[in-house]
There are 2 protein chains.
Amino acid sequence: MTIKEVCEKYDITADTLRYYERVGVIPNVTRTAGGIRDYQETDIAWVENAICFRDAGMPVEMLIEYVKLFQEGDSTIDARANLLKEAREAIVEAKKKYDIALEKLDYKIGRYEIAQKTGKLTWE
Amino acid sequence: MTIKEVCEKYDITADTLRYYERVGVIPNVTRTAGGIRDYQETDIAWVENAICFRDAGMPVEMLIEYVKLFQEGDSTIDARANLLKEAREAIVEAKKKYDIALEKLDYKIGRYEIAQKTGKLTWE
DNA sequence: TATTGACTTTGAGTTAACTCCAAGTTGTAA
DNA sequence: TTACAACTTGGAGTTAACTCAAAGTCAATA
């Protein structure tokens with residue numbers, strides 16, 4: 001799969017894909033004899049994970065660390081498990097904050113809907 | 001309430017509070033005769049909202065727009081309601097992505113827990 | 001009232017995460 | 001076999017959101 005096809009599949013720019021590879025968010029991608037990226041199944045799986053975790057606010061730095069540990073082999077299993085648990089906690093905490101904001105928003109939106117009938121907000 | 005007290009109450013730096021005021025994430029804060037910030041109830045309510053919405057990933061730019069509309073008065077009620085609904089949708093979408101990442105993480109963590117018993121990952 | 005610490009502003013600097021550019025290479029279609 | 005789009009690298013530039021520094025002002029205490 002060419003870089004272009006991966007871009008289109010995941011709606012991400014080629015620059016970002018190359019950046020991820022350069023800094024180590026994903027391991028080095030398979031290349032053709034001429035040096036052009038030719039994404040294999042496993043390369044794509046790494047891309048998919050990277051996008052998924054970035055979308056959940058996981059820092060690039062953390063993904064780099066995970067890939068680094070992964071490449072060091074089985075001796076880093078504990079470290080990787082801890083890293084994933086830490087990431088999990090961060091996401092759970094972030095989600096709580098999102099819920100609080102949603103509550104606040106829903107309250108405000110409700111008040112605006114009343115206001116839209118009268119043309120005025122009674123307070124705020 | 002002094003800037004320091006507000007900082008401590010919301011675990012945010014004075015620089016960030018001043019920055020929020022400077023760029024318009026919150027309206028101008030009440031001052032003493034000497035020009036020193038003296039946060040009143042309403043000032044604090046704005047701070048609280050700003051922090052809450054920023055924590056949910058709402059861009060500073062959007063908060064600035066809301067404050068600007070708010071200051072223009074009742075004629076902007078529709079615009080403000082739309083802005084809040086847009087913000088709400090963004091948060092709902094972000095939460096979905098967080099859930100997908102959580103699923104992936106839970107799967108991986110589960111596999112690592114098995115691996116930790118055997119000392120090896122069977123695949124990945 | 002003098003000192004000390006917290007406050008003020010303006011503007012510059014930092015960080016994370018891309019995003020763009022220039023100059024050169026690869027691969028395909030005519 | 002040449003033209004041309006799509007690829008490559010290394011490095012510089014951008015954006016959002018702070019964060020810091022310098023130089024000066026305010027206010028509580030000794």
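Residue numbering restarts at 1 for every chain, and letters A, B, ... go by the order of the sequence lines. Quick note: numbers below take in every heavy atom, side chains included, and nothing from hydrogens, waters or symmetry partners.
- With rounding to whole Å, Leu17(A) atom CG is found 14 Å from dC20(C) atom P.
- Atom pair Arg18(B):CZ and dT8(C):C1' shows a separation of 7 Å (rounding to whole Å applied).
- Between Arg37(A) and dT26(C) there is no side-chain N or O to OP1 or OP2 distance below 4.0 Å.
- Ala79(B) approaches Leu69(B) most closely through the heavy-atom pair CB-CD1, 3.9 Å.
- With sequence neighbours excluded, the residues satisfying ring pair (Phe, Tyr, Trp, His ring centres under 6.0 Å) with Tyr98(B) are Tyr98(A).
- Contacts between residues 20-36 of chain B and DNA chain D, defined by a heavy-atom separation below 4.0 Å, involve Tyr20(B), Arg22(B), Thr32(B), Gly34(B), Ile36(B), listed by number.
- Taking atom CG of Asp15(B) as the reference point, atom P of dT8(C) lies 11 Å away to the nearest angstrom.
- Taking all atoms of both residues into account, the shortest heavy-atom contact from Cys7(A) to Thr13(A) is SG-C, 3.7 Å.
- Taking 4.0 angstrom as the limit, Thr16(A) places a side-chain polar atom (N or O) nearer than this to OP1 or OP2 of dT19(C).
- Of all nucleotides in DNA chain D having an atom under 4.0 Å from a heavy atom of chain A, the first and last in 5' to 3' order are dA6(D) to dG11(D).
- The minimum heavy-atom distance between Met62(B) and Leu83(B), with the atom names listed, is CE-O, 3.7 Å.
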For Asp99(A) and Lys96(A), run salt bridge (charged side-chain N to carboxylate O under 4.0 Å, His left out): C-alpha distance rounded to whole Å, both residues' side-chain angles, the deciding distance at 0.1 Å, then the answer. CA-CA 5 Å; Asp99(A) 282 329; Lys96(A) 280 184 196 160; over 6 Å; no

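- Taking 4.5 Å as the limit, every side-chain heavy atom of Glu5(A) sits out of range of all side-chain heavy atoms of Tyr39(A).
- For the residue pair Glu21(A) and Pro27(A), the shortest heavy atom distance occurs at CG-O, 4.1 Å.
- By the neighbour-count criterion of 12 heavy atoms within 6.0 Å, atom NZ of Lys97(A) is sparsely surrounded, having that number or fewer from other residues, nucleotides or ligands.
- Spacing between atom CD1 of Ile3(B) and atom C1' of dA6(C) amounts to 10 Å, rounded to whole angstrom units.
- Look at Arg54(A) and you'll find a side-chain N or O under 4.0 angstrom from OP1 or OP2 of dC18(C).
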